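Down below is the structure, laid out as C-alpha cells.
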Amino acid sequence: SFDPSLSRKNSEAIKTTKILLVIYRNYSHYTSHDFYSQFGLEDVICTDDIPGTDEDTDSAVLFGTLRGNVVGLRYYTGVVNNNEMVALQREPNNLYDKNAVKVNNVSGNQVGHIKKELAAPLAYIMDNKLAIVEGVVPYGAKNAFTMPVQMSFWGKEENKQAVLDKLKVHGFKLAPLSKSSEFGFGSSWVSGRAGPSYSAPGHAAVQMTTEQLKSEFDKLFEDLKEDDKTHEMEEAEAVGTPLLPHQKQALAWMVSRENSKELPLFWEEKNNFYYNTLTNFAEKERPENALGGILADDMGLGKTLATIALILTNFHDGKPLPVENIKRDQLYKVRGVFFVFVFSKAEKPKYTVSSDSEESEEWLPQQTRSNVTFVFSGTASVQSVKKNYSEERPRTTLIICPLSVLSNWIDQFEQHIRPDVHLNIYIYYGPDRSKDPAFLSKQDVVLTTYNILASDYGSRGLLHRLKWLRVVLDEGHTIRNPNAQQTKAALNLEAQRRWILTGTPIQNSLKDLWSLLSFLKLKPFTDREWWHRTIQRPVMLGEQGGLRRLQSLIKNITLRRTKTSKIKGKPVLELPERKVFIQHVTLTEEERKIYRSVKNEGKAAISRYFNEGTVLAHYADVLGVLLRLRQLCCHPHLCTNTSSSSCDSTPEELREKLVNKMKLVLSSGSDEECAICLDSLNLPVITHCAHVFCKPCICEVIQSEQPNAKCPLCRNELRVEHLVEYPLEESESSIEKGDREWISSSKINALMHALIDLRKQNPAVKCLIVSQFTTFLSLIETPLKESGFVFTRLNGSMTQKKRVQAIQSFQDSHTGSPTIMLLSLKAGGVGLNLTAASRVFLMDPAWNPAAEDQCFDRCHRLGQKQDVVITKFIVKNSVEENMLKIQNKKRELAAGAFASKKLTASEVKQTKINEIKTLIDL
DNA sequence: ACCGCCGGGTGCC
DNA sequence: ACCGCCGGGTGCC
C-alpha cells in the first residue's frame, strides 16, 4: 500500500527524507475541546468562572442534614408523597418575609413554605451560595397544615463552617453524617423494585474509584448495541434509496420510539397513578414518553438517510407518506369534513372512520372545522392518510443543522426521495425567508441552522411560535452547553417528537448530557435539579445505583453504532482502506532564512511572556507568532506582517489592531470557537484584552457580572462599549493578491510534483487539496491553471449556492469535470460528501487531529469505492513537525487507558506551557 | 386583677 | 390544628 510516486523522484523541490505510514484509527472522541485543553483553558472556561454555569456542584460534599417543617400547605395545590423529593426555592420578593423559601414538588407545584424561623438562616445560606439545600418529605405527606422535610446541605468544604455558624446563630444544628442519616427510601411504598438509594458519600455500599467510573463512563455508549435494537423495518415506498441493514434497524428503532405508547423509563403505574421511581413523585396524568431519542451513530453510517426514511415512513399516525395520487372524484363531503374513501374490495362504503386509526375517535369531533382527507382501503385498514393539519396537529418536521451541512441535507433529500413523491421542503434561511406562519406550517420539512434558531429565539420569531410535528437537531451536541443561546433556543421549541443526531454523544462530562435530555423532554430531567440529584451526583460520587440508572437511561433513548459495529457478524460498513502518508518537505535556503528570522523574533517575545508569567494574557500574540510560522511553512506570501503589539495607542489604532488580531485568531484555524458557548463564533467580537467571543455570549457574561465584569479567559476588565466587532465582509480580496508577483514555494512544488505524477498514472483520479489558509489555496490556483488542471473550490465564505455548485461539479464523474477541489479545512461540516475524491493532500497540519480526521472523512465515507490515500505535507525542522508531535501525544492520550483523566488546573497549565514550549522549541 | 385561668377564635410566608 | 398563640372574659371557697 506504499505509494511509490511520492518518493520516486529526488527532485530539487522535494527533498523527501522520510515517509511515515500512519495507520488510521478512530479519533472521533477528539473534539474541539482539544484546543482549549492544549492551552489549558478548559479550567478557565468550563468552571465557575462563568456565571450561570453549574455551580461547581461536582466538588460539593454533604455538610449534614436537618429536619424542618413545611407550613401553609392548605394554601397551595402541590402535593407530595412520603419520601418524595422536594425543591427548595428562594422567594426574595415575598411581601411578608424577604427570607421566604418556597417548597415545590417535582413537577414544580408549590407545596408550602419553610417555616420562617428556619427560612431566615436558609435564605442567607442560599443567597450567598454557601450550600445547596435539598429536601425530602419523609412522612406526613398527607398532612393538612404542615409536614416535615428532611434537608441536606451540600457545598464546598470551605463553606461548611459558615453554614454551620449561620444555622447555629438561629438555633439549628446539622445532624452528624452517620449511616442513620440515610433518609427516606427504606420504607418507600414503591413496591416490587428495590427503591433507589441516595446514600451519603463515603457510605455507598460499593463505591467505585474515579478510574473505574471513568472507564464505565466510556463504555456507556459502546454497550448499546444489539439486544432489542436489531429489529429491522422496511422503509416506505417513498424512500428512493434501499436502506442498508443497519439503517433499517435505525428506522425500526426510530419509528418505535416515535410511536411508543410505553411509560417512560423510571415510571410505574399503580392505583391509577403514575409514579416516578427516582423522585417518588406521582401524578394522575400519564407522563408522556419522550417520542424520540439520540441517534448517535458514527459519522458516515447514514444518520441523515435514516432520518429522511423516518420522516417518510412514519409520516403520520404511524403511516407512510403515500406514493399514489388521490383522485379528485373520490372526494366526499361529510359534515364539513372532507373524506376521501378509496374502496378497493369492500362492497359497501363505510362512512365511519376506520377503527384501525385509533386516535380518530378522540380527535375527530373537535376537529370538524379543519379539512381532512382520508384514504381508506376496503379492508378497513388505513392505507394512506393525507390531510390538512390543524395547528394542534402539526405536520412539519423542523431540521436544525450547522450551516455547513445545510446543503448536504438538501442533496440527501433530493437523492433519497422517489421523484414521484411530493414532499414540501422549505429552507428557512437567508434574509428573504418567509415570515408567514401559515406557509411554514404547511411544509412537510423546514430546514434551518442553529444561528437562525438562536436569533429566532431572541426575537421570539416564527420557529418558536409554531408547533412542530418533529424537531431534529443535526450535530446535536452543539446544544451541550446549557448556557449557550442555541441550547436555550432549542429547548424552547414546541414539538411532539424530538431527535438528536450526533456522532459525538458525550464529550467527557455528564453535564453535557443534561441539555440533551432536557431537549428530549424526558421527565423529570427537564429540570436540572432532578437530573443532578438522581443521576449526576450519585454517579459522580461513585454509587453503583447512579451508574446503573444512567446506563439504563442512555440505553433507553440512544442508538449508537460505530464503523466497526457488526450486524449478523458482518461489519456495518465495509469502507475501503484509508492510508495516511506524511511527506516531509525541506524549505529552500531563502525560505528558511525568512522563517528563521520570524521564529527568533517570536521566540524572544514568547520567552519574555514566560518570564513575566503572562503567556495566557498574551494568548493572541502567541497564537499569532505560531500562525506566522505555520504560514511561512506554506508560502512566504501568506505571512502579511501583522506587527507585534506595542502599548498605548489611539482608540482608532487600537481598534484596528484588535480587528487585525481578531482576523488573525479567526484565520489561525485553531480558534474558530467561542470560549463561552464552545461553538462556532456567532457575530465575533474581540475584547480589549484580545480575546474573541460570540457577541451574544460575552454580552451575557458582562450583563450578569455587572458591574465588574471580567474576561472569562484572562480576568481583565470588560465593558460592552469596548467590544470591537468584526468588520463586515471586506475580507479575502483585500489580502494582497494581484499586487505581488506569483512565486512558488517548496510546498507548492511538492504538491505539483505529486499531482502531475498522479495524473500520469490515472488522469481520472480526483483529489482534495486542503489547507487552513484560503490565501494559500488561492496561490495554488496559479500553477494548477498553468499545468492545465480543471479544479473547483470550496471556502467557508462561499454562498450556499456557490457551495452546492462546487460540490456538484466535483462529484460529477464525467470527463472534463474538475479533478481537484481546493478545500479550506473548516469549510465543510461533518456532512459534506466528497466521495468522488480518493486522494487528499493536506497542505498544513491542524492543531486538532480530529479536525483533520473529520476532513478526511468527507471522502472516506459511505459511497467511497476506492482506497483513500492521504498525504500530509510537513516542513522539516519547523513548527509543523512540532505540531505533529503534539498531535501524536494527543492521539496516544486519547487511545490510552487514562483517556481523558481529569487533570488538575495546575497540571493542565503545565501541559499547556510544555506544549507552547514544544511548538516554538523553547 | 399591673395577675392567673378559662375557652373561643384562629392559623404560611 | 387532638397543636400554640392571641386577646377577651372573668375572678373565694
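Order of the sequence lines sets the chain letters (A, B, ...), proteins ahead of strands, with each chain counted from 1. Since the model is a prediction, treat every value here as computed from it, not as a measurement.
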Atom CD of Glu117(A) to atom P of dC13(B): distance rounded to whole Å? 7 Å
Are Arg498(A) and Phe519(A) in a cation-pi setup, meaning NZ or CZ lies under 6.0 angstrom from the ring centre and within 45 degrees of the ring axis? yes
So for Tyr96(A) and dC12(B), does any side-chain atom that can act as donor or acceptor lie under 3.5 Å from a complementary atom in the base? no
With a 4.0 Å heavy-atom cut-off, tell me which residues in residues 102-113 of chain A come close to DNA chain B, sorted by residue number. His113(A)
Answer yes or no for this row: Phe145(A) ring on dG11(B) base, centroids under 5.5 Å, planes under 30°. no
Output the single nucleotide from dG11(B), dA1(C), dC13(B) whose closest atom is nearest the side chain of Lys115(A). dC13(B)
Measure CE/Met147(A) against P/dA1(C) and give the value in whole Å, please. 13 Å
Rounded to whole angstrom units, what separation is found between the CD atom of Gln89(A) and the P atom of dC13(B)? 17 Å
When you measure from the centre of the six-membered ring of Phe273(A), is the NZ or CZ of Lys284(A) closer than 6.0 Å and no more than 45° off the axis? yes
Atom OH of Tyr75(A) and atom P of dC13(B) are separated, to the nearest Å, by 9 Å
Could you check how far OH of Tyr76(A) sits from P of dC12(B), rounded to whole Å? 9 Å
Interatomic distance where CZ belongs to Arg74(A) and P belongs to dG11(B) [whole Å]: 7 Å
Expressed in angstrom and rounded to an integer, what is the separation of Lys142(A) atom NZ from dA1(C) atom C1'? 19 Å
